[in-house]
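To start, the structure itself, in structure tokens.
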Amino acid sequence: MVKLSTLKTKKLKTIKASNNKLVFLFGPTSVGKTKLLTDICKDKFSVINADSIQVYKGLDIGSAKVSSEMMEKIPHYLIDILPPSQQFSVADFIKRADEACQDIYSKGRIPIISGGTAFYFKHFLYGLSDAPPTDPKVREEIEKEIKLNGIASIYEALKLVDLPSYNKINPNDSYRIQRAYEVYKTCGKPLSSFSISEKPRNNMDPLIIGLYRDNEEMHRRLRVRVDLMMKEGLLDEVKRLIREGAKEDWPGMQGIGYREFFEAIKSGENSRSQTLAKIVLDSKHYAKRQYTFFRSFKNVNWMEASNTEEIENLIYSFIQDN
RNA sequence: GCCGCUUUAGCUCAGUUGGUAGAGCAAAGGACUGAAAAUCCUUGUGUCCCUGGUUCAAUUCCUGGAGGCGGCA
């Protein structure tokens with residue numbers, strides 16, 4: 001880990017033309033990103049984590065975080081930066097990833113952004129709209145309102161102030177209804193009046209690599225991985241977190257491999273093997289959603305994940321090509 | 001061996017007072033504007049266990065058989 005605090009005092013230089021190359025490495029959970037990174041030349045690259053759960057301290061086994069040996073070999077950024085009780089957002093990701101890139105370039109290295117959170121990749125590349133960030137007070141108010149009158153009433157309220165969003169968002173999608181309504185309540189402008197750029201930020205020149213594997217193979221890997229997590233002591237990790245005060249609604253606890261234990265405690269009747277099966281199932285569903293999102297990205301070099309040599313060649317020819 | 005219940009989608013089960021059937025889960029596909037490991041959308045033909053019978057028509061009623069579960073021996 002590299003400390004970023006010193007960077008804050010420095011003014012961030014605009015990225016030079018020569019300092020605009022970086023690698024995106026993404027793919028669904030368990031496809032083999034971490035394994036691949038261990039094979040890549042240590043001297044030229046530093047890794048920026050783009051995984052919304054691995055940013056949290058103490059969530060090691062369940063999030064399949066890279067080992068500390070691995071982090072010593074290749075510098076890693078955006079890992080273990082927050083306690084799991086604290087909210088992290090795309091905006092935080094972009095800000096810190098930008099800082100990390102500056103630091104990496106200043107050391108003559110090239111950043112590899114690696115992870116499975118498609119939302120982070122998308123907005124790291126294209127940026128965010130000018131819509132206001134979440135105001136916890138406003139969100140709390142809206143949540144109260146939902147409890148009182150139901151999400152349908154918020155949806156109807158949205159119709160009056162932001163018809164395009166109302167039409168776009170499904171009435172059951174409480175998450176997006178809340179966000180759209182929140183934007184209006186915060187700044188008085190509809191969410192639909194803000195747009196996202198279609199061009200990469202900062203003159204960025206990314207090599208975009210998407211990893212995939214055969215479906216059967218993915219399912220096999222997921223099962224093996226969850227078994228391995230148990231052997232490595234996932235249960236003890238969860239017990240430790242609960243002892244330390246972890247609550248179901250902590251942001252970090254919505255991660256797969258953690259939330260299932262809270263579900264099990266709640267229902268009171270799930271056996272160990274049922275909980276494990278649920279973790280595997282949730283992971284499969286997640287991997288599927290990740291594929292769907294990543295597949296919508298443009299200019300992706302889709303590579304079979306076991307094809308290590310070809311992927312390395314691709315990366316090396318990219319950084320040599322000036 | 002006898003008695004009762006049961007056999008319908010990959011799984012758990014509804015249902016058809018006789019006109020060839022539908023939920024949940026799974027599976028497959030999709031969306032994604034500061035919580036994204038989140039949130040949400042779309043997609044259901046399956047010898048209705050087998051065999052005869054009654055009927056214009058049987059997955060449904062009746063006979064016989066097979067599998068499962070329970071009880072009594």
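All chains are named by letter (A, B, ...) in the order of the sequence lines, taking the proteins before the strands, and each is independently numbered beginning at 1.
In the model, A:Gln320 has no side-chain atom that pairs as donor or acceptor with a side-chain atom of A:Tyr316 under 3.5 Å.
Under a 4.0 Å N-O distance rule, the pair A:Lys73/A:Glu69 does not qualify as a salt bridge. A:Glu182 and A:Arg139 are joined by a salt bridge, as a carboxylate oxygen and a charged side-chain nitrogen come within less than 4.0 angstrom of each other. Checked for salt-bridge contact, A:Arg96 and A:Asp92 miss the test: no charged N lies under 4.0 Å from a carboxylate O.
The side chain of A:Arg179 places an N or O atom within less than 4.0 Å of a non-bridging phosphate oxygen (OP1 or OP2) of B:G34. Within the structure, every side-chain polar atom (N or O) of A:Asn172 is placed at least 4.0 Å from both OP1 and OP2 of B:U39. An OP1 or OP2 oxygen of B:U33 is reached within less than 4.0 angstrom by a side-chain nitrogen or oxygen of A:Arg176. The shortest distance between the side-chain N/O atoms of A:Gln254 and the OP1/OP2 oxygens of B:A36 is below 4.0 Å. Proximity of A:Lys288 to the phosphate of B:G29: a side-chain N or O atom is located under 4.0 Å from OP1 or OP2.
Sorted by residue number, the members of residues 292-301 of chain A with any non-hydrogen atom under 4.0 Å from RNA chain B read A:Thr292, A:Phe293, A:Arg295.
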Do any N or O atoms of the protein come closer than 3.5 Å to N or O atoms of nucleotides 24-27 of chain B, and which pairs are they?
| from | atom 1 | to | atom 2 | distance (Å) |
| --- | --- | --- | --- | --- |
| B:A27 | OP2 | A:His285 | NE2 | 2.6 |

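For A:Tyr291 and A:Phe294, the ring centers sit 6.0 Å or farther from each other.
As rounded to the nearest Å, B:G4 and B:G30 have C1' atoms that lie 50 Å from one another. Here the separation of B:U16 from B:A57, taken at their P atoms, is 23 Å to the nearest Å.
The cationic atom of A:Arg201 (NZ for Lys, CZ for Arg) lies less than 6.0 Å from the six-membered ring centre of A:Phe124 and within 45° of the ring axis. Remark: A:Lys21 is positioned above the aromatic ring of A:Phe318, its terminal NZ or CZ atom under 6.0 angstrom from the ring centre and at most 45 degrees off the axis.
When each of B:C41, B:G34, B:G30 is scored by its nearest atom to the side-chain atoms of A:Leu128, the top-ranked nucleotide is B:G34.
A:Tyr258 comes within 4.0 angstrom of nothing in the nucleic acid, heavy atoms only.
Taking the O4'-C1'-N9-C4 or O4'-C1'-N1-C2 dihedral as appropriate, B:G24 has a value more than 90° from 0 and is therefore anti.
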Please step through side-chain contact (heavy atoms from CB on, under 4.5 Å) for the pair A:Ile279 and A:Phe261, ending with a clear verdict.
CA-CA 9 Å; A:Ile279 294 173; A:Phe261 289 97; 3.9 Å; yes

